[in-house]
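The block underneath contains the structure these notes are about, expressed in structure tokens.
Whatever order the structure lists ligands and atoms in, that order sets their numbers, starting from 1. Note: hydrogens, waters and symmetry copies are ignored here, and every other heavy atom, side chains too, is used.
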Amino acid sequence: EKGGWSSFMAKEISEEPDAIANTLLGRVVDGDVVLPELDPIQAALDDVDRIIIVACGTAAYSGILGKYALEKWAGVPTEVELSHEFRYRDPVLTSRTLVISISQSGETMDTLMAVKYAGERGANTLSICNTQGATIARESDAALFTHAGPEVAVASTKAFVAQVTALYLVALKLGIARGTLEPGVVAGHLEQLLALPGKLSQVLETGSQIRELARGMSDTRSVLFLGRNVGYPIALEGALKLKELAYIHAEGFAAGELKHGPIALIEPGQRVFVVVPSPRDSDSLHRKVVSNIQEIRARGAFVIAIAEEGDVAVLPYADDVLRIPLAGPMFEPLLAVAPLQIFAMELAAAKGLDVDQPRNLAKSVTVE
Ligand code: BG6
């Protein structure tokens, strides 16, 4: 039931801190990551030399964050592929390949077929699902469940943050096992993970600022989203949400691509959301994205920056700034996504649209 919420989507966004906390529950113990669900593929994990993540839609964007974590923390070469592309192109699979599927419903036909295909060709399969007893989980060698609770709104929200949390746990576990992470670094990352629910609750308190912003933009015909590094999948997700819910043309780009094409789209009044990297992570990345903001601003874009608290470098150039608490570079995407989800929901609501049941979409696509 919706409780007092205007929509299931609003309710589910409010449940994101719990989705993360519940997905972590019992899995971080004494500075270690405890995932007995991986036991059936333990031998394969010890030997893995490549990971391929398969998923569709929002789940595929969580997969990009999973890739960054798996490569950064565990040093395992990782690719992300849309499930429906994966099995139609003769992918190279060996007994040392781990195919991780991600699916909220666990019933998406394209992802199910990708898992079956991978298994038949000798790869090991791990699924990350939010629905107990789901077909994809049953068809996989091992299954790790996210505990976001049932997601009713068609557009995925709380499942996304839970998926990223689960992927980060897997990456940390592999990093610990492979010795690619110093114990002190593991401790720091686990601390950041455990602190996310509280910080995300703070972000959700800024909902009214985002509602105002959305209401002022209900006549907008096109919105662009830029992000770089871990901000890139967030830009893609921000654009997807806006398409799905508000039926507005939206595109997400890697900020570094700007000068290779998208900047041609910038004309006076073009709305652009920019997910700004943490200045503490990489000074040069932060500077590059701030300079992207200057470039599009100079061409008349209306810029909404999503930036860390205390990042004053964006202030002279952004028309609006949505703040997120400091959380460490890898963890900030989990805080930056909510403002974009809320923006899409509020804009759809301002246009009088049904945010839980957007036209033409289904919660779970069980046909190919
Ligand atoms: C789409 C949903 O049909 O399927 C998206 O509208 C979702 O919200 C995508 O991300 C994948 O679904 P699932 O259940 O496999 O995560």
Side-chain angles (χ1 to χ4, degrees), residues 7-13 15-16 19 23 52-66 80-87 99-118 125-140 143-167 233-248 250 252 333-334 337-338 340-345 348 353-368:
S7 63
F8 279 105
M9 187 175 174
K11 173 173 178 277
E12 287 161 8
I13 291 172
E15 291 167 347
E16 286 183 12
T23 299
I52 305 176
I53 296 175
V54 293
C56 300
T58 294
Y61 298 150
S62 79
I64 300 178
L65 289 169
V80 183
E81 189 146 2
L82 296 167
S83 312
H84 34 88
E85 287 292 318
F86 171 71
R87 71 196 182 89
V99 172
I100 302 180
S101 61
I102 310 169
S103 175
Q104 188 288 128
S105 62
E107 303 297 340
T108 297
M109 185 58 78
D110 285 316
T111 303
L112 173 62
M113 297 313 278
V115 170
K116 284 189 174 168
Y117 178 94
T125 53
L126 164 66
S127 63
I128 294 180
C129 292
N130 193 48
T131 312
Q132 295 288 332
T135 312
I136 291 172
R138 279 189 279 114
E139 289 290 334
S140 303
L144 179 62
F145 288 95
T146 48
H147 297 301
E151 196 179 62
V152 176
V154 166
S156 188
T157 54
K158 62 178 180 172
F160 174 83
V161 292
Q163 286 158 353
V164 178
T165 302
L167 287 160
I234 300 306
L236 296 175
E237 175 62 3
L240 177 61
K241 280 287 155 288
L242 199 58
K243 285 181 251 199
E244 285 181 311
L245 294 160
Y247 317 148
I248 290 175
L334 286 148
V337 73
L340 298 181
Q341 296 165 339
I342 296 170
F343 174 75
M345 174 181 74
L353 301 171
D354 180 343
V355 298
D356 287 336
Q357 293 283 344
R359 69 183 179 202
N360 308 341
L361 296 176
K363 181 69 185 153
S364 148
V365 181
T366 52
V367 291
E368 275 190 89

Looking only at protein heavy atoms, identify the closest one to atom 4 (O) of ligand 1 and say how far it is in Å.
Lys363 O, 4.3 Å
Mark the output for Thr111 as yes if a heavy-atom distance to ligand 1 is under 4.0 Å, and as no if none is.
no
Does ligand 1 have an atom that lies less than 4.0 angstrom from a heavy atom of Leu361?
no
Do Met9 and Gln357 come close enough that some side-chain heavy atom pair is under 4.5 Å?
no
Tell me the protein heavy atom at minimum distance from atom 9 (C) of ligand 1, and give that distance in Å.
Cys56 O, 3.8 Å
Quick one: CG on Leu242 to OH on Tyr247, what's the gap to the nearest 0.5 Å?
11.5 Å
Any heavy atom of Ser364 sitting closer than 4.0 Å to ligand 1?
no
For Ala155 and ligand 1, does the shortest N/O to N/O distance drop below 3.5 Å?
no
Heavy atom of the protein closest to atom 16 (O) of ligand 1 (residue, atom name, distance)
Gln104 N, 2.7 Å
State, with a plain yes or no, whether a side-chain heavy atom of Phe343 is found less than 4.5 Å away from one of Leu245.
no
Contact region, Ala362 to ligand 1, non-hydrogen atoms below 4.0 Å, reads backbone
Ligand 1 to Ser103, heavy atom cutoff 4.0 Å, flagged ligand atoms 13 (P), 14 (O), 15 (O), 16 (O)
Check whether any N or O atom of Ile102, backbone or side chain, sits under 3.5 Å from an N or O atom of ligand 1, and answer yes or no.
no
Which protein heavy atom lies closest to atom 8 (O) of ligand 1, and at what distance to 0.1 Å?
Val154 O, 3.2 Å
Quick one: which ligand 1 atoms are inside 4.0 Å of a heavy atom on Ser156?
8 (O)
Tell me, please, which residues at least two apart from Ala148 pass side-chain contact (heavy atoms from CB on, under 4.5 Å).
Ala19, Asn130, Lys158, Ala162
Does any part of the side chain of Val365, heavy atoms only, come nearer than 4.5 Å to the side chain of Val367, both counted from C-beta?
yes
State, yes or no, whether a side-chain contact exists between Lys363 and Val152 at a heavy-atom distance under 4.5 Å.
no
Taking distance alone, with N or O pairs closer than 3.5 Å, would you say Ser105 contacts ligand 1?
yes
For atom 10 (O) of ligand 1, the protein heavy atom that lies nearest, with its residue and separation
Thr58 N, 3.2 Å
Run Glu107 and Thr135 through side-chain hydrogen bond (donor to acceptor under 3.5 Å, both in side chains) and show every step you take.
CA-CA 6 Å; Glu107 303 297 340; Thr135 312; 2.5 Å; yes
What pair of heavy atoms forms the shortest contact from Ser127 to Ser140, and how long is it?
CB-OG, 3.3 Å
For Val365, counting its heavy atoms only, list the atoms of ligand 1 lying under 4.0 Å from any of them.
3 (O)
Does the side chain of Lys116 pick up a donor-acceptor pair with the side chain of Thr125 at under 3.5 Å?
no
Test side chain to side chain contact (heavy atoms under 4.5 Å, CB included) applied to Leu167 and Ile102, Leu65, Ile64, Thr146, the passing residue:
Ile102
For Thr108, atoms of ligand 1 separated by under 4.0 Å from a heavy atom:
12 (O), 13 (P), 14 (O), 15 (O)
